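Let me begin by presenting the structure, written as structure tokens, before commenting on it.
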Protein chains: 4
Amino acid sequence: MGAVKTKRMPRAVREQQMLDAAVRTFGQRGYMAASMDEIAELAGVSKPLVYLYLNSKEDLFTACIRREAAALTAAVRAGVRRELPADRQLWEGLGAFFAHTSLNPDGWSVLHLQARTHGEPFASEAAAMRAEIVAFVTQLILAAAREAHRDPDFPESDVVGLAEALVGAAEALADWANATPGVTARQAAATLMNFAWSGLGNLMDGQPWTPPDAAHEASG
Amino acid sequence: MGAVKTKRMPRAVREQQMLDAAVRTFGQRGYMAASMDEIAELAGVSKPLVYLYLNSKEDLFTACIRREAAALTAAVRAGVRRELPADRQLWEGLGAFFAHTSLNPDGWSVLHLQARTHGEPFASEAAAMRAEIVAFVTQLILAAAREAHRDPDFPESDVVGLAEALVGAAEALADWANATPGVTARQAAATLMNFAWSGLGNLMDGQPWTPPDAAHEASG
Amino acid sequence: MGAVKTKRMPRAVREQQMLDAAVRTFGQRGYMAASMDEIAELAGVSKPLVYLYLNSKEDLFTACIRREAAALTAAVRAGVRRELPADRQLWEGLGAFFAHTSLNPDGWSVLHLQARTHGEPFASEAAAMRAEIVAFVTQLILAAAREAHRDPDFPESDVVGLAEALVGAAEALADWANATPGVTARQAAATLMNFAWSGLGNLMDGQPWTPPDAAHEASG
Amino acid sequence: MGAVKTKRMPRAVREQQMLDAAVRTFGQRGYMAASMDEIAELAGVSKPLVYLYLNSKEDLFTACIRREAAALTAAVRAGVRRELPADRQLWEGLGAFFAHTSLNPDGWSVLHLQARTHGEPFASEAAAMRAEIVAFVTQLILAAAREAHRDPDFPESDVVGLAEALVGAAEALADWANATPGVTARQAAATLMNFAWSGLGNLMDGQPWTPPDAAHEASG
DNA sequence: TATGAATGAGAGTTCATTCAT
DNA sequence: AATGAATGAACTCTCATTCAT
């Protein structure tokens with residue numbers, strides 16, 4: 001079951017093996033249901049060695065979150081060419097995002113499900129990474145407005161709401177693509193671009209969807 | 001701390017007290033970290049009574065999920081007038097959704113976080129409710145197409161992707177609204193309508209955002 | 001080995017059984033070497049019940065210290081008639097002390113050895129009891145001075161030193177009597193009265209302090 | 001924190017460094033709470049080297065006890081001039097004893113607390129040293145009797161009891177002096193001489209044993 | 001002479017669950 | 001309808017100790 005027992009590895013290598021095993025176990029079993037015993041066995045080492053190197057279950061989980069968060073943001077960053085127009089940047093970023101989450105489902109589960117579900121200090125770690133992405137998307141939206149020669153008349157706090165919505169949609173589609181056979185990363189990205197850009201495009205043109213006002217609603 | 005100890009209640013009432021306590025505890029502590037001891041104390045009864053009525057921790061959690069799922073879908077359904085046009089239905093549904101999640105944060109946490117995080121059989125329970133909502137949204141999108149006298153030329157599976165994205169965006173905005181003071185349910189709904197409908201509106205008009213083809217991309 | 005398994009005892013009774021087992025185990029094995037498993041088995045219950053009632057190893061040990069300290073000081077107090085002259089009070093107190101320590105060697109080990117050896121919060125608990133005894137002895141010495149119509153010309157802090165010495169001598173003789181077959185509590189008390197009251201200098205002059213014989217005591 | 005890492009020391013030197021670290025750690029943490037890790041780090045060497053030289057935790061602790069016992073008895077012996085009368089020998093011995101224990105609190109804790117608390121084979125090691133001191137005191141008492149031209153009419157076993165009491169008093173005063181700021185070794189010795197030699201009875205009559213003043217002592 | 005890498009064994013603690021009334 | 005008494009099983013974490021170099 002576990003990894004082949006290769007003896008006497010240098011510490012740095014062993015640590016990565018342990019993190020690999022931990023991400024897999026946390027991602028599949030969940031943080032609380034994962035036992036240090038199982039992680040150690042999957043890593044091919046004894047439990048005390050895990051504690052010697054990673055200190056505690058909390059620290060181990062935190063290390064997993066950080067590693068996976070760094071890997072995800074790095075993948076997105078590496079996939080985006082900043083010299084392109086905003087919509088092209090978003091397209092590339094989404095493609096990189098869906099590609100990464102589909103290749104690293106356990107890491108994605110750690111970041112998106114486990115870290116957010118089990119309170120502090122984990123939630124904050126995951127929230128930090130998410131905030132980074134939301135900020136990036138926010139900048140893209142503002143850039144798109146500039147490119148369309150529009151000084152957006154809505155306040156930046158509204159833009160954050162839009163970015164939150166877009167990121168949330170991406171997260172949901174990542175789960176959906178992972179769970180639905182036959183949906184590729186590219187298709188997920190295309191669906192989300194259709195949904196988000198055609199919508200945002202209209203917004204940029206100053207034609208938001210208008211809510212019915214309350215008075216009208218009451219009489220309607 | 002816990003409920004006042006009132007003795008000899010009829011079973012149905014006691015069960016609701018227990019479910020109240022359980023939803024609160026599961027929502028705040030998480031499924032695994034919540035202890036039957038704490039739930040029983042918060043419900044104001046002894047532990048054996050919880051087992052007598054709800055059978056096991058799994059069954060108790062499942063009962064929570066079902067109750068909260070039913071409550072959420074009922075709230076949304078009750079908030080929507082089916083005779084209205086699709087966009088107005090969506091607006092009303094989102095308003096009801098955000099109102100409910102902001103008034104029931106523990107129930108929302110149970111459904112959106114806890115149930116999805118702790119494997120079977122809970123994930124399926126939550127997925128069933130979510131599928132219902134996604135189906136409703138899918139129907140709304142198709143209805144909107146018909147209202148615009150468009151026979152959508154994209155397959156229904158694509159529509160499901162759009163619905164998934166919309167629902168994901170709604171979930172994220174619910175979390176965001178709950179976590180951000182000063183964001184009301186109505187504002188969240190307006191933000192999402194802007195994002196989703198202006199976008200979907202464009203789609204309905206046959207003007208999707210077009211991905212650059214790969215050959216072109218390599219040369220660009 | 002362990003106590004007979006008597007089932008379904010009221011909590012108060014079980015707690016005493018647990019404390020009995022704990023004092024015995026801590027006294028013989030030492031605080032750290034004693035395992036909760038062993039204590040539970042000796043008490044005839046399962047480990048979780050020990051934790052349910054006594055909370056933790058620390059709390060259990062603290063409870064032992066308190067119980068044994070209370071028992072020891074109560075025994076000494078009960079053995080002393082306050083209306084007697086100081087030397088007679090000391091004689092009675094020492095008799096009661098040595099009798100108690102010889103009948104409760106495990107409790108004495110807990111108080112004198114284990115509690116002092118394993119840091120806070122245990123040391124303070126034991127020190128509190130010891131301070132009480134030192135204070136009692138200090139009062140006896142001052143009373144003796146008054147009885148001899150002497151206003152002692154040395155400061156009270158010096159008296160505390162003398163009391164410390166006397167208590168230390170008593171502690172050592174308790175260990176010695178417990179370890180040396182054939183040395184009774186009464187003999188230990190007589191030795192210490194000789195040492196402490198008459199003083200070695202007087203002993204050399206052939207004037208030992210004379211214990212009142214038992215017959216006389218009964219009538220007095 | 002730990003010792004400076006100087007490499008390639010001769011074995012004898014390294015062993016002393018280890019024993020220094022071990023005495024300090026055992027004295028402060030206690031035998032069981034002290035970890036070989038901490039001792040090795042404090043000694044500035046790796047754990048396997050400690051095992052290579054000292055063999056096991058038990059052997060290491062035994063070596064500590066022996067070294068500290070030898071140091072204490074040597075200090076007392078070196079402080080006593082055998083040609084003096086018995087009371088002066090006692091005075092000098094106590095002075096040396098209190099001086100040593102106050103300068104070596106960790107060693108004293110190892111001998112007086114730790115070694116006695118953790119069973120065999122440690123208790124026996126400490127008991128051997130203590131027996132030596134008790135024997136020395138016993139001889140002093142008998143010598144005092146001879147000097148007073150008294151053939152003590154009580155059996156030698158009684159004398160042993162007196163010696164035990166005196167040693168116990170000294171031990172307690174050593175702890176007391178270490179724990180009470182402002183009490184010097186000389187004061188502790190004076191208090192004990194008063195207590196032990198003149199006797200409380202004599203003290204009441206205003207005839208304390210008088211320590212020879214320092215000037216006289218230097219010339220004598 | 002000296003150490004980085006590694007572990008078997010066991011500790012304290014917690015929890016879902018049941019029995020007897 | 002309701003509970004005080006009780007536990008099997010599992011968990012995180014630590015430590016003395018050894019191997020291979």
Side-chain angles (χ1 to χ4, degrees), chain A residues 5-11 13-15 32-40 44-60, chain B residues 5-11 13-14 32-40 44-60, chain C residues 5-11 13-14 32-40 44-60, chain D residues 5-11 13-14 32-40 44-53 55-60:
Chain A
K5 274 204 183 177
T6 316
K7 297 239 165 178
R8 306 263 149 192
M9 317 273 297
R11 172 168 180 155
V13 177
R14 275 281 192 248
E15 278 190 10
M32 302 234 59
S35 85
M36 296 298 273
D37 264 305
E38 187 178 0
I39 292 170
V45 298
S46 68
K47 222 182 346 173
L49 200 60
V50 180
Y51 278 90
L52 188 60
Y53 287 173
L54 275 313
N55 212 42
S56 72
K57 196 185 188 184
E58 267 202 37
D59 284 7
L60 174 57
Chain B
K5 271 201 187 178
T6 318
K7 300 234 165 181
R8 302 264 152 191
M9 315 272 297
R11 171 162 183 160
V13 178
R14 275 279 191 248
M32 303 237 55
S35 82
M36 295 297 274
D37 264 301
E38 188 178 359
I39 293 169
V45 298
S46 70
K47 241 187 318 178
L49 199 60
V50 179
Y51 278 88
L52 187 62
Y53 285 175
L54 275 315
N55 209 42
S56 74
K57 195 185 186 185
E58 267 201 37
D59 285 4
L60 173 57
Chain C
K5 274 205 183 177
T6 317
K7 297 239 165 178
R8 305 263 151 193
M9 317 274 297
R11 172 169 181 155
V13 176
R14 275 280 191 250
M32 302 235 58
S35 84
M36 295 298 275
D37 265 304
E38 187 179 359
I39 291 170
V45 298
S46 68
K47 224 181 347 170
L49 199 60
V50 179
Y51 277 90
L52 188 61
Y53 287 173
L54 274 314
N55 214 42
S56 73
K57 197 184 187 185
E58 267 201 39
D59 284 5
L60 173 57
Chain D
K5 272 200 187 179
T6 317
K7 300 233 165 181
R8 302 266 152 191
M9 315 271 297
R11 170 162 183 158
V13 177
R14 275 277 191 252
M32 302 236 57
S35 81
M36 296 298 273
D37 264 301
E38 187 178 0
I39 292 169
V45 298
S46 70
K47 239 185 320 176
L49 199 59
V50 179
Y51 279 87
L52 188 61
Y53 286 176
N55 207 44
S56 73
K57 196 185 187 184
E58 268 201 39
D59 285 5
L60 173 57

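Naming: A, B, ... by sequence-line order, numbering from 1 per chain. In this text, all values refer to a predicted model and were calculated from it rather than measured experimentally.
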Would you kindly give the CG-to-C1' distance between Leu60(D) and dC15(F), to the nearest whole Å? 15 Å

Hey, what do you get for NZ (Lys47(B)) to CD1 (Ile39(B)), rounding to the nearest 0.5 Å? 11.0 Å

Atom OH in Tyr51(B), atom NZ in Lys57(B): separation rounded to 0.5 Å? 8.0 Å

5'-most contact on DNA chain F (nearest-nucleotide basis), Ser46(C) vs Glu58(D), goes to Ser46(C)

Under 4.0 Å: is that the gap between some side-chain N or O of Tyr51(C) and OP1 or OP2 of dT14(E)? no

Distance check needed: dT18(E) P versus Arg8(C) CZ, whole Å only. 14 Å

Can you run through DNA chain E from 5' to 3' and write each base as (, ), [, ], | or . depending on how it pairs? Watson-Crick or G-U wobble, both distances under 3.5 Å. .||||||||||||||||||||

May I have the distance from Asp37(D) (atom CG) to dA5(E) (atom P), rounded to whole angstrom? 14 Å

Strictly below 4.0 Å: does Tyr53(A) bring a side-chain N or O up to OP1 or OP2 of dA6(E)? yes

In whole angstrom, what separates Lys47(D)'s NZ from dA16(F)'s P? 8 Å

Between dT3(F), dC15(F), dA6(E), which nucleotide has the shortest distance from any of its atoms to the side chain of Pro48(B)? dT3(F)

If every non-hydrogen atom of Ala40(C) is compared with every non-hydrogen atom of Ser46(C), which pair is closest and at what distance? CB-C, 3.9 Å

Grab the CG-P distance between Asp59(B) and dA16(E) for me, whole Å please. 14 Å

Whole angstroms only, please: what is the CE-C1' distance between Met32(B) and dT14(E)? 12 Å

How many Å lie between CG on Leu49(D) and C1' on dT21(F), as a whole number? 15 Å

If I take atom CG in residue Leu52(A) and atom C1' in nucleotide dT14(F), what distance separates them, rounded to the nearest angstrom? 11 Å

Given dC19(E), dT17(F), dT17(E), which nucleotide is nearest the side-chain atoms of Met36(B)? dT17(E)

Just verifying a value: how many Å separate Leu60(A) CG and Asn55(A) CG, rounded to the nearest 0.5 Å? 10.0 Å

Below 4.0 Å: OP1/OP2 of dA6(E) and any side-chain N or O of Arg11(A): no

Just call it for Ala34(D): base, sugar-phosphate, or nothing, with non-hydrogen atoms closer than 4.0 Å on any strand. sugar-phosphate

Assign each of Ser35(B) and Pro10(D) the nucleotide of DNA chain E bearing its closest heavy atom; nearer the 5' end lies the nucleotide of Pro10(D)

Short side-chain N/O contact from Arg14(D) to OP1 or OP2 of dT1(E), under 4.0 Å: no

Value for CG (Leu49(B)) from CZ (Arg11(B)), rounded to nearest 0.5 Å, stands at 9.0 Å

